[in-house]
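Contents: one structure, followed by commentary.
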Number of protein chains: 2
Amino acid sequence: MTPSANALLQADDSADTGTQQIRDAIRDAIVERRLAPGTKLSEADVGNLFNVSRTLARAALQALSYEGLVSVEKNRGAFVAYPSPDEAKQIFAARRLVEPGILREAAARITPSQIQHLRQLLQEEGRLISERGQTARRAEIKASGDFHLTLASISGNAIMQRFMEELVARSSLVIALYGQSAVSSCGHSEHGDIVTAIEAGDLDRACHLMVHHISHIEADLDLRERKSFGLKEAFSI
Amino acid sequence: MTPSANALLQADDSADTGTQQIRDAIRDAIVERRLAPGTKLSEADVGNLFNVSRTLARAALQALSYEGLVSVEKNRGAFVAYPSPDEAKQIFAARRLVEPGILREAAARITPSQIQHLRQLLQEEGRLISERGQTARRAEIKASGDFHLTLASISGNAIMQRFMEELVARSSLVIALYGQSAVSSCGHSEHGDIVTAIEAGDLDRACHLMVHHISHIEADLDLRERKSFGLKEAFSI
DNA sequence: ACGCAGTATATCGTATACAATTTGATCGCC
DNA sequence: GGCGATCAAATTGTATACGATATACTGCGT
């Protein structure tokens, strides 16, 4: 038999037993912005927090570094990633590049029940926007990304789906760093417009809306080169 | 100062000191098809081979599993990935989805010297095709992928570049498994056509050629569902 | 001879231990 | 008082050790 024949079926076996949940927990914390960019994540601390040894903590941090959410610096440790403005631009450029294609794929195979599901997500998202409080804010962040991830999931391509998960997560980091208007809700109505266009079968319009939607998110950032002030000018000015 | 300010500049610090070269060595071996799909990669063997402990061997294998080149099965070990036909289709679908966009980006910023470099790659590729022997074959495989990777590099988007590296590497695995015509050279002239189209400024044509090129590679595969023969029928037939 | 049970071995999962490097502090000196 | 060197603490890099799990073998019974 092929050695990894069944491995592809069970989706949750890809990593060590205990590492996965640590990785997920930290990722959630980063994406929901409970962990600020630049925060140090020492192996010992992470291990103690989850009651595991440094071995597993380290593995989780390494895994997150492959996703671009954590940056590990040799002999210095791991930190919540601090994407540069240039990196931020690349993330959104990547999204503009792939999301229209994903959208087309998704639209081609979408079922009525999946459209229903999307509308449901949108409604939930709208509800969260009207609510107040930190937890609602966090849930809103996640819901906003879930719209894009659901489309990727509908597209049926697991590889693109994983890639989108990475891009959405990293987008959250970028918004946390460079976002201006605390109101991230501006994109909500655009989500609805996209679904409407899909339903109407107007794919070109849907893609067009998607690209603009992504650009709108990016436009709401302040990506001017804060040249980290050579530290000399930081006080000379 | 931002904690990871300089980390983004030095490109080679992303992982542990010793893990990186092991990872690269194994990846090269897989991509060049010296390691067949399904081959077991025990942690102890890998460690001994590179004179490091299981700790580093394991880290390298984990890293490769994130790239999709190695599949680790819990309590069973790591194997060179054995992509299913469905997975293979997704890989090529992903390439059709992203490569036209990358091509457009690349064409927009390409310089004459970079075109020169591409032509040089093509020439080298052609030379390898005419040569005989295993080493030439391996070099040809790498050269064929390098064309696509160089384009990604020219596009200037590091994220898409990394994604393409993953896709090209996995493509090599798929071709090793399902390729029919030993002659992978069929795609060579298409590379040249694409460069010509770029030079002529005909982006639409270049993208069109790229999509067809990818489809041609895929068409040369035999992706029929070999249902891994339950082992009963394997001999009853 | 075939199948099954139990054991034996090999390999992985995780924790701990030790070496190397960095960071921050203390002390002396200018 | 400010500046530099040396040393101590903390943290990471790597190796080893031990427990758990799966696979292979052996011997028994039918």
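To find a chain, count down the sequence lines: A is the first, B the second, and so on, and within it residues start at 1.
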To the nearest angstrom, the NZ-P distance between B:Lys74 and C:dG13 comes to 8 Å
Judged by nearest nucleotide, the residue sitting upstream toward the 5' end of DNA chain C, B:Thr55 or B:Leu41, is B:Leu41
Between B:Arg58 and C:dG13, is there a side-chain N or O to OP1/OP2 distance below 4.0 Å? yes
B:Glu43 CD to C:dT14 P, in whole Å, measures 11 Å
In whole angstroms, the gap separating C1' of C:dT21 from CD of A:Glu73 amounts to 14 Å
B:Leu56 CG to D:dT16 P, in whole Å, measures 11 Å
In whole angstroms, the gap separating P of D:dT14 from CD of B:Gln20 amounts to 12 Å
Atom CD1 of B:Ile22 and atom C1' of D:dG13 are separated, to the nearest Å, by 13 Å
Side-chain heavy-atom pair B:Arg162, A:Glu166 within 4.5 angstrom cut-off: yes
message: Please determine whether a side-chain nitrogen or oxygen atom of A:Lys40 lies at a distance below 4.0 Å from atom OP1 or OP2 of D:dT12.
response: yes
Would you indicate whether the side-chain heavy atoms of B:Leu149 and B:Gln161 approach each other to under 4.5 Å? no
Between CG of B:Asn48 and P of D:dT14 the distance, given in whole Å, is 17 Å
Any side-chain heavy atom of A:Met164 sitting closer than 4.5 Å to one from A:Ser155?
no
Does A:Arg76 make a side-chain donor-acceptor contact with the base of D:dG13, cut-off 3.5 Å?
no
*Name the nucleic acid region contacted by B:Ser42, choosing base, sugar-phosphate or nothing; use a 4.0 angstrom heavy-atom cut-off, strictly under.*
sugar-phosphate
Quiz item: Between B:Glu218 and B:Arg96, does at least one N-O distance fall below 4.0 Å, as a salt bridge requires?
Solution: yes
Open item on the list: With a 4.5 Å cut-off on side-chain heavy atoms, are A:Arg170 and A:Glu87 touching?
Closed with: yes
Between A:Arg54 and B:Ala44, whichever has its closest DNA chain C nucleotide further toward 5' is B:Ala44
Here the distance between atom P of C:dA10 and atom CG of B:Asn75, to the nearest Å, is 18 Å
